[in-house]
Amino acid sequence: MSVVVQLRGIRKSFGTNMVLRGIDMTLHAGQVTVLMGANGAGKSTLVKILCGVHASDHGQIELHGKPFKAATPSEAIRAGIVTVHQSINDGVVADLDVAANLLLDELATGRSPLFYNRRKIRQQAQIIASTIGLEMDLSTPVSSLSLADRQMVAIARAMAHDPRVLVLDEPTSSLSSAEAKRLFLLIERLKQKGVAMLYISHRMSDIRNVADSIVSMRDGAIAGVFDKRPLDYEGAVNAMLGRKFSELTLDHVESAAAVLQLEGLQLRPDSQPFSLQLNKNEVVAITGLVGSGKTALAECLFGLRQAYAGSMRLAGDGYKPRSATDAIRSRVFLCAKDRSNNGVVADFSIVQNISLPFLEKFSSLGFITAKKEQAQARQLIDDMGVVCQSSTDNIMTLSGGNQQKVMVARWLSQSCQLLVLDEPFQGVDIQARRDIAAILRQTAHSRATVVLVSEIDEALEIADRILVMCEHTIVGEHQNHTMDIDVLLAQVAGASAGIKVPSVA
């Protein structure tokens, strides 16, 4: 089992904040090393040092037994170290089509004759796409693709480099189960070719599928290495958290008055209509595969799209928002998925990102009362457990998970009638997921709360009631405390899609 990459004593600080505290790690040919760590543990910084985005302050990296220190990402790629970043925007260029994205690194050199022949670009791109079974029109602009399709393009682009070291940072966070299986098959082929892989994930289903070994990080240091069969998954989680991870039990709550009532709602011309009632004081999870219609429902509730048919009532009154502004005025809030495109404002501070939709609450005569704005932000930062130096820090200084906490805090900052959260746990570690779920449940008494998730574990950890979507309609309803998991799984997989859809109330 040959060593491809050896990291010794890697340290990194940003100002007075020490992010990495002497990291030792080995990546072997033909093996997948899973890296686990809470948000802010230093995983992303370690990856950025390996792929040439940051320079380490101390320590050494060896590649195939020789000292290696990439000054730029391009140098790392030329050396065979290729990274698929958690932020999809770091892996694709939205203004270009799929073919150009797959050959972007080749075209950017200015040396390739492909630049002058669009037909050859498409032919070469098709070869790359075929390596991972990417089936789409290569002339499609990436800006028009779904988040899942963009993720697949980013992975295919990485494959174009024939990597010797492949770093995958939360690669399945936006993928359907079929796409994830395709990725796992690709990983197996790469293992056979001797590629060393570093796989960063919080999803136990991923880890059980791909891990040959697990490295747990905590507070910028290695907290445990697990490489003996069978792998100690529970031990890896406990090492990551620094304590034993307890089982979660939800207190059964009684729902109160109806907040939202949907009657005969039809999201697409070819989908079955459904009815649904969401009540105050309960948390409802809607689960289903990627593309099942969850986001379409969220956008309909928030005024970003119109339903094909049916009606909505909010607190007993007719509700038909024509825009996000209409929805917010009706006190219906949406924490959208894909925070980099639909949530985070990169040039703003944490406090500005929280208060952005509600500036009139902090304004007097056209001027913002900064003291009031910051006081609220500091309270939410404490409540959500956001790891930062100050509420005035730029949001891009935070880890992805802490950015996600800020996005949830934004919509908890004001009272509402209905709070919709679309994949609120994307890129969030296990403990942070529990923290977010806890505060959502603690504050649920004043509103109806609906959480849209692809992972069933996430639904089980937060919801009083779990609904299943398939083919843009509701195909199942379950009370958490009396649920038959086998029935739910069958409905998620689509086994119930052809049955008469129940009226959910």
Side-chain angles (χ1 to χ4, degrees), residues 146 176-177 255-280 282-322 327 330 332-334 336-337 417-423 447-456 458-460 462-480 482-505:
S146 68
S176 68
S177 58
S255 60
V259 174
L260 182 76
Q261 293 167 300
L262 310 180
E263 295 291 340
L265 200 73
Q266 194 171 356
L267 295 176
R268 296 193 314 193
D270 59 347
S271 65
Q272 292 294 313
F274 63 92
S275 298
L276 170 64
Q277 179 171 306
L278 301 176
N279 304 312
K280 187 179 289 188
E282 71 169 346
V283 178
V284 174
I286 300 180
T287 190
L289 302 176
V290 172
S292 61
K294 303 188 301 297
T295 295
L297 175 59
E299 291 176 347
C300 184
L301 297 177
F302 199 55
L304 299 178
R305 73 163 66 194
Q306 297 299 307
Y308 181 73
S311 64
M312 298 189 288
R313 299 184 69 81
L314 184 67
D317 298 324
Y319 176 63
K320 194 173 183 178
R322 296 290 180 181
S330 298
V332 174
F333 299 163
L334 169 64
K337 71 176 182 180
Q417 296 192 83
L418 173 65
L419 177 61
V420 183
L421 303 106
D422 193 358
E423 299 290 357
R447 63 172 187 264
T449 306
V450 58
V451 183
L452 311 172
V453 293
S454 298
E455 291 288 299
I456 294 171
E458 296 171 359
L460 293 172
I462 193 171
D464 303 298
R465 188 158 50 111
I466 300 173
L467 309 179
V468 179
M469 285 199 82
C470 182
E471 300 292 341
H472 283 71
T473 194
I474 301 291
V475 298
E477 176 187 3
H478 307 264
Q479 297 294 329
N480 197 334
T482 59
M483 185 187 58
D484 185 328
I485 189 68
D486 292 331
V487 173
L488 184 144
L489 288 170
Q491 291 169 343
V492 168
S496 301
I499 325 179
K500 186 177 184 297
V501 180
S503 177
V504 181

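Because only heavy atoms are used, hydrogens play no part in the values below, and waters and symmetry mates are left out as well, while side chains stay in. The model shown is predicted, which means the values in this text are computed figures rather than measured ones.
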Only counting residues at least two apart or in another chain, list the ones meeting ring pair (Phe, Tyr, Trp, His ring centres under 6.0 Å) with F333.
-> F358, W411
Can you find a pair of side-chain heavy atoms, one from L334 and one from L304, that are under 4.5 Å apart?
-> yes
Which pairs pass salt bridge (charged side-chain N to carboxylate O under 4.0 Å, His left out) with one or both residues in residues 290-309, sequence neighbours excluded?
-> E299-R305
Flag side-chain contact, heavy atom, 4.5 Å: S454 against E423 | yes
Would you give the length of the straight line joining atom CG of D317 to atom CD of Q261, rounded to the nearest 0.5 angstrom?
-> 10.5 Å
Evaluate the side-chain proximity of V283 to D464: yes if any heavy-atom separation is below 4.5 Å, no if none is.
-> yes
Could you tell me whether the side chain of Q266 reaches within less than 4.5 Å of the side chain of H472, counting heavy atoms only?
-> no
List the steps and the verdict of side chain to side chain contact (heavy atoms under 4.5 Å, CB included) for L452 and T295.
-> CA-CA 8 Å; L452 311 172; T295 295; 5.7 Å; no
Sub-4.5 Å side-chain heavy-atom contact between L262 and L301 | yes
By side-chain hydrogen bond (donor to acceptor under 3.5 Å, both in side chains), which residues pair with R313, not counting sequence neighbours?
-> none
Reported SG-to-CD distance for the pair C300 and Q306, which is rounded to 0.5 angstrom | 6.5 Å
Is any side-chain heavy atom of F274 closer than 4.5 Å to a side-chain heavy atom of L297?
-> yes
One should read off an interatomic distance between I456 CD1 and L488 CG, to the nearest 0.5 angstrom, of 5.0 Å
Residue pairs meeting salt bridge (charged side-chain N to carboxylate O under 4.0 Å, His left out), one or both in residues 282-292, sequence neighbours left out, come to E282-R465
Partner of Q272 by side-chain contact (heavy atoms from CB on, under 4.5 Å), out of T473, L267, I474 = T473
Sequence neighbours left out, what passes salt bridge (charged side-chain N to carboxylate O under 4.0 Å, His left out) with D484? Give chain and number order.
-> none
Please answer whether the main-chain N or O of S330 pairs with a side-chain N or O of Q417 as donor and acceptor at a distance below 3.5 Å.
-> yes
Measure the spacing between CD of Q491 and CG of D486 and express it to the nearest 0.5 Å.
-> 11.0 Å
Take T449 and L421 through the test side chain to side chain contact (heavy atoms under 4.5 Å, CB included) and record every step on the way to the result.
-> CA-CA 8 Å; T449 306; L421 303 106; 3.9 Å; yes
Does the side chain of L467 come within less than 4.5 Å of V284's, by heavy atoms?
-> yes
What one should report as the nearest heavy-atom pair of A463 and N480 is O-ND2, 2.7 Å
If you look at every heavy atom in P321 and F302, which pair is closest and at what distance?
-> CG-C, 4.4 Å
Would a distance-only check, ignoring hydrogens and angles, find a side-chain to backbone donor-acceptor pair under 3.5 Å from S275 to G264?
-> yes
T287: what forms a side-chain hydrogen bond (donor to acceptor under 3.5 Å, both in side chains) with it, not counting sequence neighbours?
-> none
Can you check side chain to side chain contact (heavy atoms under 4.5 Å, CB included) on V450 and L260, steps first, answer last?
-> CA-CA 11 Å; V450 58; L260 182 76; over 6 Å; no
Derivation of the side chain to side chain contact (heavy atoms under 4.5 Å, CB included) call for M312 and V332 | CA-CA 13 Å; M312 298 189 288; V332 174; over 6 Å; no
